[in-house]
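In listed order, ligands and their atoms are each counted from 1.
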Amino acid sequence: MRTATSDPSSLLLSPPPSRQQAAMAARVGLVTCLPLCAQVRGRFLDSLHRHLSSPGTAILKREEPPAGSAEPGLQEKSNNKTFSEVQKERREQAQRSILISCPKKVPEKKLLKHLCQHGEITNHFFFESFGIHAVIEFSKKESIASLQDATFIPRGETEFPIPFKSRFFHLNLKNPSNQTSDGMLVQCSNQSSPLNADLIQTLCNAESVEGQIITLMRTLQITEENIRLRYLSCSLIEDIAAAYFPSCTIKPFGSSVNSFGKLGCDLDMFLDLDDIGKNSATKTAGPFLMEYQVKSVPSERWATQKILAVIGECLDNFGPGCVSVQKILHARCPLVRFSHQASGFQCDLTANNRIAMKSSELLYIYGSLDSRVRALVFSVRCWARQHALTSSIPGAWLTNFSLTIMVIFFLQKRSPPVLPSLDYLKNLADARDKCIIEGNDCTFVSNLDRIKPSENTETLDILLCQFFEYFGNFSFNKNSINIRKGKEQNKPDSSPVYIQNPFEPALNISRNVNESQLERFVHLARESAWILQEDKGRSSKSSSHPWGLAALLQPSVSNKSKAKKPGRGPTGEAVRKLLESIKADSSKHSAATREERTTSTQS
Ligand code: GTP
Ligand code: MG
């Protein structure tokens, strides 16, 4: 018998209990639920559909091509939002949102009705990370203050709660026995990356290699809800940092926002204190200039370390849901690393890292320019991870950032180019785009509509194969990769791989990579080019074994290649050409030597 009361006040909200100190959820599941009224639901589903059709950024108007076709000329050009517009919109959305840890069985309708007392709800969804959580988005910020006024600090029995009033709540049922039968087990769709075997199977079912590449991106990319959760997590941390620095902002950067984010990727956060400084630039009339009394330290790095140390301490002591806080202050880029248990994100909080923010914007621009860019980057990143060419642990391997720059460079090198050089983007910039950071010119156009679409019509399968062929034969010993020029240049030092930092020309972003990692990369790239060449024209219908991209993600890629006949495929072709040119060179050389000998004998 259903005994649950329909009184929405039977739900109690409190900040999450401090005993939530278990290890963090590595994987997060999310589920989207229907918002309150049909009109809102219509709006929401509409926007969700739009976002999922070009996910990752949720903003792109230049659409992905349908599976199996690349139509680079057909992308819509107008109404593309700039990176800053997107960031602003998302941040504002996050500031109107709250996070609630819920009981296993959530009486969803009652919860929404209960929360509606504080204002209109425009959106909500549930996800799983150490229990069920809800993200509720109000239409106005004021609703949150009203809810906070009606929320209790829990009374601990064995532990003493630190009375910190955040936007992260815990939902209690007043009469659990009455209400559990009323609550539904919320179905949480799994938003973590699929298991490898499932991914391979999905890829094998695709129609073509191009279809596989697009499927891979759609399967792995971060979802609309995941993006919202990332911005909300930053916003929650911002509330804590604002206790010390009221006008600070915490912005996500890196793959959470650059359109190349994969489910499960870390959440890079940037503590921006610039707005605090901005006010002091205001000129006032009169004979005096008022300044704040401040403490000073010998360098900006020192200041960053001090600020991060304090915020790290705050997160550790008062941050609801923040666990395993590590202050890594002596790194090249000082940071606070922690797990945001409630969202399931591994977070890296940095400050004074404006160039990384600008790099994220640049990657976002490149990812938005042509639908093939993101698809290729996802395939290459996934391939590299599968073969342990990249890792989540720092070491002598390539990073996802370096790999993305390599894909961009390769696409700049196509004929006609798929992507323009950074210098070209700089030439299109207007006065508002001007940006100098620490003496480095980081100017480039922000308005996507000003960039001419590419005339290159190569399909994704060709581009992927060519990527491997290109880097399988790249002169890493002589040349550096430079996306500013869109051309390789002489290497300025002897690092095995030299990828010029787009905004700090004197820096090599892959200086950590050693010879043996480079050798593995080159070897696997060659083998992969060969496999794709072999699998040309194959489809799910003609193959009983993993084929195309699925074959590249198999650990057996190098074993498979060992069985290949010499002289076949692109690598074989490259090796054959190399041998021929050596042979030709040596015969020229011996002819010349012979000639020399003859001449000297004659003389
Ligand atoms: P994931 O591996 O999915 O997290 O990719 P990511 O792009 O977020 O990379 P990561 O978390 O390692 O770094 C975050 C951001 O910092 C990158 O997107 C870059 O903008 C920047 N970054 C990372 N490595 C370097 C580097 O070596 N040099 C410079 N200048 N910036 C870097
Ligand atoms: Mg990252």
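- For the pair N501 and ligand 1, a heavy-atom separation below 4.0 Å is found.
- In K413, the NZ atom is crowded: over 12 heavy atoms of neighbouring residues, nucleotides or ligands sit closer than 6.0 Å.
- Listed by number with element, the atoms of ligand 1 under 4.0 angstrom from any heavy atom of N400 are 1 (P), 2 (O), 3 (O), 5 (O).
- Taking the six-membered ring where tryptophan is involved, the planes of F471 and F409 are tilted, since the angle between them lies from 30° to 60°.
- Counting heavy atoms closer than 4.0 Å to ligand 1, residue I509 contributes atoms from both its backbone and its side chain.
- For the residue pair S454 and N456, no side-chain donor N or O sits within less than 3.5 Å of a side-chain acceptor on the partner.
- Using 4.0 Å as the threshold, I355 has no heavy atom nearer than that to any atom of ligand 1.
- Within D268, OD2 is the N, O or S atom that lies nearest to the Mg ion (ligand 2).
- Heavy atoms of K262 found under 4.0 angstrom from ligand 1: none, in either backbone or side chain.
- The aromatic rings of F467 and F410 sit perpendicular, their planes meeting at an angle over 60°, well past the 30° parallel limit.
- By the criterion of a heavy-atom distance under 4.0 Å, both the backbone and the side chain of S255 are placed next to ligand 1.
- Here the two rings, on F127 and H133, have centers that are under 6.0 Å apart.
- Only the side chain of F253 comes within 4.0 Å of ligand 1, counting heavy atoms alone; its backbone N, CA, C and O stay farther away.
- For atom 20 (O) of ligand 1, the nearest protein heavy atom is under 4.0 Å away.
- In the vicinity of D266, heavy-atom distances shorter than 4.0 Å reach the ligand 1 atoms 4 (O), 11 (O).
- Counting just the N/O/S atoms of D266, the one with the shortest distance to the Mg ion (ligand 2) is named OD1.
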